[in-house]
> 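Would you mind keeping the following structure in view while I ask a few things?
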Amino acid sequence: VQLQASGGGLVKAGGSLRLACTASGRSFSLYNVGWFRQTPGKERDFVAALNRAADTTHYAGDLGDRFTISRDSANNTVYSQMISLRPEDTALYYCASDLWRTLRGSWSATYWGQGTLVTVSS
């Protein structure tokens, strides 16, 4: 299973980006998918998840007010539409598949993409 994330870049605060994640060897319609992000020196944080039926989403905190996870089944692509971006959203964003919850309730995943860098300037 290989996940490929793309769409990152440099954007000014208040701007928008759409991240995309494609998969080889896996149909996203059979597995839940999600996005995580990581800044240097910190742990990787959960951002959003979408179940395999694509009818239930989970977001970290209030990120759901600005981020939207979705799936294009015909193209086997998962998206993260991000609006009203803030400098604190700057991070390396990872797509992931086969998400699960740890005993502490945090999210993790079995399969990871390589990450795409989002930089939000003030």
Side-chain angles (χ1 to χ4, degrees):
V1 177
Q2 289 187 331
L3 305 178
Q4 181 76 34
S6 62
L10 174 63
V11 62
K12 292 183 178 180
S16 302
L17 279 175
R18 188 177 74 162
L19 306 182
C21 178
T22 58
S24 60
R26 166 150 301 216
S27 171
F28 283 137
S29 62
L30 298 179
Y31 302 90
N32 61 6
V33 296
W35 291 93
F36 293 73
R37 65 186 183 183
Q38 187 172 26
T39 54
K42 295 187 177 181
E43 293 185 352
R44 193 175 304 183
D45 292 329
F46 168 75
V47 173
L50 178 68
N51 70 337
R52 62 181 183 176
D55 59 5
T56 302
T57 56
H58 298 275
Y59 294 95
D62 60 359
L63 286 181
D65 294 341
R66 300 184 293 118
F67 292 11
T68 302
I69 186 171
S70 63
R71 187 181 77 205
D72 179 349
S73 297
N75 293 306
N76 200 36
T77 302
V78 174
Y79 298 101
S80 177
Q81 177 68 51
M82 307 184 297
I83 65 171
S84 302
L85 285 163
R86 304 167 181 170
E88 53 264 39
D89 294 319
T90 295
L92 192 61
Y93 283 72
Y94 297 88
C95 64
S97 178
D98 289 21
L99 275 66
W100 44 276
R101 304 290 292 267
T102 70
L103 292 176
R104 294 184 300 171
S106 60
W107 288 88
S108 188
T110 303
Y111 299 102
W112 298 90
Q114 86 293 354
T116 184
L117 182 62
V118 171
T119 303
V120 184
S121 62
S122 57

> With sequence neighbours left out, what residues match Asp98 under side chain to side chain contact (heavy atoms under 4.5 Å, CB included)?
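Side chain to side chain contact (heavy atoms under 4.5 Å, CB included) check on Asp98 returns Arg26, Tyr31, Thr110, Tyr111.
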> Taking ILVMFWY side chains as joined if any heavy atoms are under 4.5 angstrom apart, and letting links pass through other members, which residues group with Tyr79?
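Taking Ile, Leu, Val, Met, Phe, Trp and Tyr as members, Tyr79 stands alone, with no cluster partners.
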> Can you tell me how far apart CZ (Phe67) and CZ (Arg37) are? Round to the nearest 0.5 Å.
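Phe67 CZ to Arg37 CZ: 5.0 Å, rounded to 0.5 Å.
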> Side chains of Trp35 and Val78: closer than 4.5 Å at any heavy-atom pair?
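Trp35 vs Val78: side chains touch.
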> Roughly how far, to the nearest 0.5 Å, is CG of Leu85 from OG1 of Thr119?
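Thr119 OG1 to Leu85 CG: 11.0 Å, rounded to 0.5 Å.
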> Side chain to side chain contact (heavy atoms under 4.5 Å, CB included) with Ser73: which residues, sequence neighbours excluded?
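For Ser73 the side chain to side chain contact (heavy atoms under 4.5 Å, CB included) partners, ignoring immediate neighbours, are Arg71.
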> Check the surroundings of atom CD in Glu43: do more than 12 heavy atoms from other residues, nucleotides or ligands lie under 6.0 Å from it?
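Atom CD in Glu43 is not crowded, with 12 or fewer foreign heavy atoms closer than 6.0 Å.
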> Name all residues meeting the salt bridge (charged side-chain N to carboxylate O under 4.0 Å, His left out) criterion together with Arg66; count only those two or more places apart in sequence or in a different chain, and write none if there are none.
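Per chain and number, Arg66 pairs via salt bridge (charged side-chain N to carboxylate O under 4.0 Å, His left out) with Asp89.
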> Sequence neighbours left out, what passes side chain to side chain contact (heavy atoms under 4.5 Å, CB included) with Leu99? Give chain and number order.
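Leu99 satisfies side chain to side chain contact (heavy atoms under 4.5 Å, CB included) with Asn32, Phe36, Phe46, Ala49, Ala96, Trp107, Ala109 only.
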> Look only at the side chain of Asp72 and the backbone of Ala74, and say whether a donor-acceptor pair between them is shorter than 3.5 Å.
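Yes.
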> With disulfide (SG to SG under 2.5 Å) as the rule and sequence neighbours excluded, what pairs involving residues 41-116 come up?
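For residues 41-116: Cys21-Cys95.
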> For Ser24, what residues pass the side-chain hydrogen bond (donor to acceptor under 3.5 Å, both in side chains) criterion, not counting sequence neighbours?
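side-chain hydrogen bond (donor to acceptor under 3.5 Å, both in side chains) list for Ser24, sorted by chain: empty.
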> Side chains of Gln4 and Gln114: closer than 4.5 Å at any heavy-atom pair?
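Yes, side chains in contact.
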> Has Thr90 got a side-chain atom pairing as donor or acceptor with Val120's backbone, closer than 3.5 angstrom?
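Indeed, once roles are kept as given, a pair shorter than 3.5 Å links the two residues.
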> When clusters are formed by joining ILVMFWY residues with side-chain heavy atoms under 4.5 Å apart, either directly or through shared neighbours, do Trp112 and Val118 land in the same one?
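No; tracing contacts between hydrophobic side chains, which count when under 4.5 Å, never links both residues.
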> Does a side-chain heavy-atom distance below 4.5 Å link Ser16 with Gln81?
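Of all side-chain heavy-atom pairs linking Gln81 with Ser16, at least one is under 4.5 Å.
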> Could you list all the disulfide (SG to SG under 2.5 Å) pairs where at least one residue sits in residues 41-73, not counting sequence neighbours?
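Sorted result for residues 41-73: empty, none.
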> Within the 4.5 Å heavy-atom criterion, are Tyr93 and Leu17 side-chain neighbours or not?
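No, too far: nothing below the 4.5 Å cut-off.
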> Side-chain donor-acceptor pairs under 3.5 Å in residues 55-65, sequence neighbours left out?
residue: Asp55; atom: OD1; partner: Asn51; partner atom: ND2; Å: 2.7
residue: Tyr59; atom: OH; partner: Ile69; partner atom: N; Å: 2.9

> Does Thr116 use its side chain to pair, donor to acceptor, with the backbone of Gly8 at less than 3.5 Å?
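Side chain of Thr116 to backbone of Gly8: a pair is present.
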> Among all residues two or more places apart in sequence or in another chain, which pass the side-chain hydrogen bond (donor to acceptor under 3.5 Å, both in side chains) test with Tyr94?
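Scan of Tyr94 (side-chain hydrogen bond (donor to acceptor under 3.5 Å, both in side chains), adjacent residues dropped) gives none.
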> Where do Ser122 and Ala13 come nearest, in terms of heavy atoms and distance?
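Looking at all heavy atoms of both residues, the closest pair is CA-CB, 4.3 Å.
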> Could you tell me which residues satisfy side chain to side chain contact (heavy atoms under 4.5 Å, CB included) with Ser27, sequence neighbours excluded, listed by chain and number?
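Side chain to side chain contact (heavy atoms under 4.5 Å, CB included) check on Ser27 returns Ser29, Leu30, Asn76.
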